[in-house]
Each structure stands twice: as structure tokens, then as C-alpha cells.
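Taking it in order: structure first as C-alpha cells, then the write-up.
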Amino acid sequence: MHALSIRGLTKTYKNGVKALNGVDLDVETGDFFALLGPNGAGKTTLIGILTSLVNKTSGTVSVFGHDIDQELEAAKACIGIVPQEINFNQFETPQTILVNQAGFYGIERAQARERAEKYLSLLQLADKRNKMARGLSGGMKRRLMIARALVHEPRLLILDEPTAGVDIEIRRSMWDFLREINERGTTIILTTHYLEEAETLCRNIAIINGGLIAERDRMSSLLRKLQAETFVLNLRESVSAVPVVPGYSFDLVDEHTLEVEVSKEQSLNEVFAGLSAQGIHVQSMRNKVNRLEELFMKLVEARPQAYREGARA
Amino acid sequence: MNEPATQTQAADSPKALGAAKWVGFKTIIIREYGRIIRIWAQTIVPSAVTSALYFVIFGSLIGSRVGLMDGVPYMQYIAPGLIMMSVITNSYGNVVSSFFGAKFGKHVEELLVAPLPNWIIVLGYVGGGLLRGLLVGTAVTIVSLIFTHLAVHHVFVIFAAVVLTSIVFSLGGFINAQFAKNFDQVNWIPTFVLTPLTYFGGVFYSISLLPEWARHLSYANPILHMVNAFRYGFLGVSDVHIGVAFSIMAIAAVLMFGVALFFMNRGTGMRE
């Protein structure tokens with residue numbers, strides 16, 4: 001059974017803007033799935049429809065076999081959502097927020113308190129349990145929203161930009177946490193602007209653009225489609241002129257830094273050999289941009305401009 | 001962050017979803033109760049203070065010169081009306097501010113994404129309004145007992161009138177909050193509709209004092225029927241037929257529940 005199955009999903013807003021133009025998408029049970037797209041591509045509209053915050057125009061959506069038109073409550077019971085914007089009552093405490101949210105999912109008060117403690121501890125918020133939520137830092141608020149989404153222990157967790165504004169240390173620990181949840185069987189759908197995050201965590205990926213799925217593949221297969229990568233080479237000694245290696249084009253960023261584009265058919269060994277022959281030694285090397293980011297930009301830029309202008313978040 | 005979550009596989013079963021409705025309803029009531037108590041200085045105290053001022057000025061100072069109204073001392077006559085006035089404004093105010101606040105702060109989404117049918121959400125907020133109406137009504141009753149004696153003519157009529165009235169105005173507050181786009185629109189109806197209707201609703205006078213045309217016009221005011229039904233429960237006097245008053249309250253409650261649910265199902269003011 002698919003955790004999520006979408007067919008022909010469209011959404012046209014009252015002002016005529018077409019946010020989704022017929023999305024077809026399946027997400028396997030147990031998957032860690034990335035849903036990426038530029039601003040205005042339709043990601044948030046799609047997630048809004050899954051969580052019933054946005055009314056669809058046409059198409060079908062089912063969550064673990066529950067059609068949202070026929071069995072909306074059963075579908076909603078399977079989902080935990082971490083939205084992009086803070087949407088808890090800032091005048092309540094984290095404990096109250098979690099206990100109440102568990103109650104809205106039918107968990108009795110005594111058990112709800114236990115669950116709240118469990119997830120406050122897991123998300124490192126136990127010492128803030130009785131503090132007013134508005135007094136929490138940005139990272140704590142994000143973790144509180146993750147704890148709230150998990151308190152009813154959903155089968156499908158949807159995270160819409162969960163690590164936006166979170167420092168790198170907390171982000172990495174959130175990654176570990178999400179990986180562990182996923183390994184225990186929770187299906188996760190992640191949207192993020194940190195493409196490194198998607199590349200690190202997700203096994204499968206869909207790129208949505210202009211209200212349509214532009215790509216849907218395994219992460220590893222998609223990355224293999226990248227035709228060329230740009231590498232930044234840090235040189236041991238300074239150079240004053242752009243080196244020449246047949247078949248490769250270099251940019252001299254500064255006297256200690258070169259950039260070179262290497263296509264799928266070419267080899268870095270040839271670059272190193274060519275540079276060594278000229279007495280240029282590479283001390284270290286990195287990708288200029290994240291590989292997924294590079295691919296993402298190529299896919300997005302390939303879409304007609306008008307298509308992008310017709311979409312909205 | 002190193003211990004993983006466990007799974008609950010049966011949360012989407014019909015049995016679990018059935019139980020979730022009742023637990024969800026209770027949770028909304030508990031949350032509303034927590035809100036009322038957390039900001040008690042805004043929710044409970046003002047009505048008690050205002051009613052004490054009414055009793056001092058209209059009851060003691062002016063009322064002593066008025067004498068009897070419908071054969072009852074004036075202070076005693078206005079007491080049920082003042083209690084009902086506080087129930088009306090607080091039931092309405094609780095739901096409109098709480099639900100609009102939830103929309104404004106976006107935490108209404110906590111309820112919208114949960115597996116709760118819309119009728120449970122409406123009933124939960126109405127329950128919160130009823131709770132505040134009864135709490136404030138009790139506080140104002142205690143204040144009124146400091147100033148006057150309140151006989152109980154018919155306890156069931158008192159209880160039914162206050163509960164039905166509170167439900168009707170809680171639903172009114174809910175519908176107002178559904179449509180409100182800003183705080184001005186939250187205050188518009190209480191200021192320009194509810195307050196005039198309440199003051200012309202027989203809280204301070206018997207409509208037998210009015211000229212005939214004004215008396216007939218007053219019958220169109222639902223608050224007149226509510227106040228008089230409530231007063232009948234205490235004093236045994238009323239300007240309206242009790243059966244008609246309860247019919248109006250019951251019909252209003254059913255119609256307004258239908259309207260609130262209709263707009264919830266449409267997602268008015270909440271869903272795109």
C-alpha cells in the first residue's frame with residue numbers, strides 16, 4: 001500500500017491562479033521522500049490539500065488507502081504535519097500544546113501527558129515544558145512543532161521546511177532524529193530549501209515546478225543525471241595565468257583558486273594530471289554548489305518562465 | 001534526540017475515530033476552560049464589577065425612587081436581566097475572541113488537521129462559550145445576592161433559559177469569528193447590534209411601560225424573550241409568553257448551529 005497516492009490533482013485559487021496543474025505522485029510506505037521546488041511551485045498548496053487546509057479543485061488523494069473525499073478523518077489520523085509557519089498558541093506552554101494536540105487526535109488526557117513528556121524529552125524541550133511558548137527561541141519553536149506533529153505517533157510525517165532558521169548543530173541532531181523515526185517505519189515527506197538536507201536524508205525525490213511534477217526518481221538515479229559538475233580547486237602555490245588542459249575550461253578565481261567544469265564523460269584524473277604537468281599542485285577540492293542544487297537549478301531553469309509566473313505557493 | 005518514535009497503527013480504525021470525537025470535544029472544552037481561567041481578570045471579573053455598579057446606581061440610587069416594576073421591587077426586577085446580560089455578552093465574547101484569535105494566530109490549524117468532524121469543533125467552542133456564560137452568570141448572581149433577594153419561582157425555566165441563551169450567543173460569536181477578517185469586525189456586532197438589543201431587551205424595564213408601537217417592535221427582539229423567560233424563572237413575571245420564548249431560543253439555536261456548520265464545511269475564512 002502506498003503511504004500517499006495522488007492522481008490528477010489540481011488547484012485553482014479564486015483569483016484564477018493555477019497552483020497545481022494535474023499532479024500524479026506516489027510515495028511508498030516507509031520512504032523518506034523529498035518534495036522540492038522553487039518558491040511558488042505548488043509545494044505548500046499540495047501539503048495544504050493533504051492536511052485539508054486547502055480545498056482541492058479536482059483529482060484524488062489517498063493516505064494509506066483512505067481517500068480524503070470519502071474517509072477524511074481516517075486519512076487525517078495517519079498524518080502528522082510540521083508546517084512552514086509557526087502555528088501554535090504562543091500564550092500556551094509546550095506541555096499544554098502537546099497534551100491538547102494529542103487530545104484532538106483522540107488520546108486520553110493521562111496518556112497524552114505521558115506522550116507529551118516523551119516527545120518534549122526527545123526534542124530536548126523538557127526543561128521548557130512550563131515556559132510560555134512565545135519565549136522559546138526559533139530553533140526551540142521548530143522542535144516544538146515537530147514534537148506536536150509526533151505526539152499522536154502518525155504513520156506519515158510531513159515536514160514543510162522543518163529546519164529553516166535552525167543552527168547547524170540542532171539541524172544535524174534533527175536529521176539524526178528524523179532518520180531514526182523513519183527507520184522505525186514512519187514515512188516521511190520533506191520539503192526543504194537546504195538541498196544538502198534532502199540529499200543526505202531522502203531516498204526518493206520529486207521536483208515540482210509550475211504545479212506539475214517535473215522529476216520523480218530515486219535520489220541516486222537523479223543525481224546521476226547531472227551532466228556536469230563545477231569543482232573549486234585550492235592550489236598550493238599561486239598561479240598568475242589560467243592553465244590550459246585540453247578539453248577543460250578553467251576560471252581563475254584568485255591566484256590560489258581555480259574553477260573547472262567536468263562533464264559526466266570526463267575525468268578529474270585528467271585535470272589533476274594536466275595541472276601537475278604544468279607544476280600546479282591541488283591542495284584541496286570541493287563542489288562549487290551542492291550536486292542536487294546544481295541539478296535542481298538546471299531542471300527549474302529548463303521550465304518556461306510563464307509557467308513559473310502562473311504558480312503560487 | 002536519539003530515541004525513535006513508536007507507531008500507533010490503529011488510529012485510523014473506525015473505533016478509534018469514534019472515540020477520538022468525544023476525547024477531542026473534551027479537549028476543546030478543557031482548553032477553553034484553561035483560557036478563561038488563565039485570563040480571569042478579563043473574562044470573569046469585569047462583568048461582576050459592572051453588575052455591581054448597575055446595582056449601586058440603577059438599583060440603590062435610582063431604583064429606590066422607581067418603586068415597584070410589575071409588582072416587584074426595582075432592584076429585584078433588574079437582577080435577572082443583569083445576570084442574563086452578562087451571560088449574553090460573555091458567551092458571545094468568549095467564542096468570537098477565542099475562535100478569531102485561533103484564526104489570527106493560525107493555531108486553529110491544530111484543530112483543522114486533526115481527525116475531528118466540523119460539528120465537534122463547533123460544539124467544542126460553543127461548550128466553551130456556555131462554560132464562560134455560566135461561570136460569569138454565577139459570579140453576577142453572587143453579586144446580585146449582596147444587593148437584593150432572589151426568589152426561585154421555577155428552577156428548570158432558569159436553567160433552560162440561561163443554557164439556551166448562552167448556546168445561541170456562543171453560536172453567534174462563532175459565526176462572527178468565521179467571517180471576521182480583523183479585530184474591528186470582531187467588535188462591530190457586539191457594539192452596534194448586541195448592546196442596543198440588550199438595552200432594549202427589557203433588562204431595565206417592563207415593555208408594558210412602552211407605547212403600543214414600541215411594545216410590538218420589542219417583540220421582534222429575541223433578547224426580550226430570553227430575558228423575560230429567565231426573569232419568569234426567578235420572579236414569576238414576564239412580558240412574553242414563556243412557550244414562545246423557548247421556541248424562539250430553540251429554533252435560533254438549531255438554525256445558527258446549521259449556519260455555523262455550513263460555513264465550517266465550506267471552510268469560510270479558514271480554508272483556501
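Protein chains get the first letters and strands the later ones, always in sequence-line order, with residue 1 at the start of each.
For a residue to count as touching a neighbouring chain, one of its non-hydrogen atoms must lie under 4.5 Å from one of that chain's; by this rule A/Ile97 touches chain B with the side chain only. Residue B/Ile121 does not touch chain A at all, counting heavy-atom pairs closer than 4.5 Å. For A/Ile81, the part lying near chain B is the side chain, with the backbone staying farther off; criterion is any non-hydrogen pair under 4.5 Å. With a 4.5 angstrom heavy-atom cutoff, A/Glu85 touches chain B only via side-chain atoms. Neither the backbone nor the side chain of B/Pro14 comes within less than 4.5 Å of any heavy atom in chain A. Using a 4.5 Å cut-off between heavy atoms, B/Leu112 contacts chain A through both its backbone and its side chain. With a threshold of 4.5 angstrom between heavy atoms, B/Arg38 approaches chain A through side-chain atoms but not through N, CA, C or O.
No more than 12 heavy atoms of other residues, nucleotides or ligands shown are found within 6.0 angstrom of NZ on B/Lys106. For B/Phe246, the CZ atom is densely surrounded, since the number of other residues' heavy atoms within 6.0 Å is greater than 12. The environment of CZ in B/Phe104 is sparse: at most 12 heavy-atom neighbours from other residues, nucleotides or ligands sit within 6.0 Å.
Most heavy-atom pairs under 4.5 Å with chain B, from the set A/Asn55, A/Val54, A/Thr51, A/Leu50: that is A/Asn55. Contacts with chain A were tallied for B/Gly18, B/Gly105, B/Pro117, B/Gly267; B/Pro117 has the most, counting heavy-atom pairs under 4.5 Å. For the set A/Arg179, A/Lys11, A/Gln90, A/His66, the entry with the most heavy-atom pairs within less than 4.5 Å of chain B is A/His66.
For the pair A/Phe88 and B/Glu109, the minimum side-chain heavy-atom distance is 4.5 Å or more.
Distance CZ/A/Phe91 to CD1/B/Ile39: 10.0 Å, rounded to 0.5 Å.
Salt bridge annotation for B/Asp12-A/Lys76: absent, with no cationic side-chain nitrogen under 4.0 angstrom from a carboxylate oxygen. For the pair B/Lys26 and A/Glu108, the salt-bridge criterion is met [side-chain N within less than 4.0 Å of a carboxylate O].
Here the side chain of B/Thr27 pairs no donor or acceptor atom with the backbone of A/Gln101 at under 3.5 angstrom.
Tested against A/Tyr105, the residues B/Val113, B/Val23, B/Leu17 include a single side chain to side chain contact (heavy atoms under 4.5 Å, CB included) partner, B/Val113.
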Notebook entry, point to check: Run the side-chain contact (heavy atoms from CB on, under 4.5 Å) check on A/Glu92 and B/His107 step by step: do they pass?
Noted result: CA-CA 11 Å; A/Glu92 289 180 340; B/His107 51 272; over 6 Å; no
Next item on the list: Start with the C-alpha gap between B/Lys21 and A/Glu73, add the side-chain angles, then the distance that decides, and say whether salt bridge (Lys or Arg N to Asp or Glu O under 4.0 Å) holds.
Entry: CA-CA 10 Å; B/Lys21 291 182 178 68; A/Glu73 288 152 28; 3.5 Å; yes
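Across all non-hydrogen atoms, the minimal contact from B/Ala11 to A/Ala77 is O-CB, 3.5 Å.
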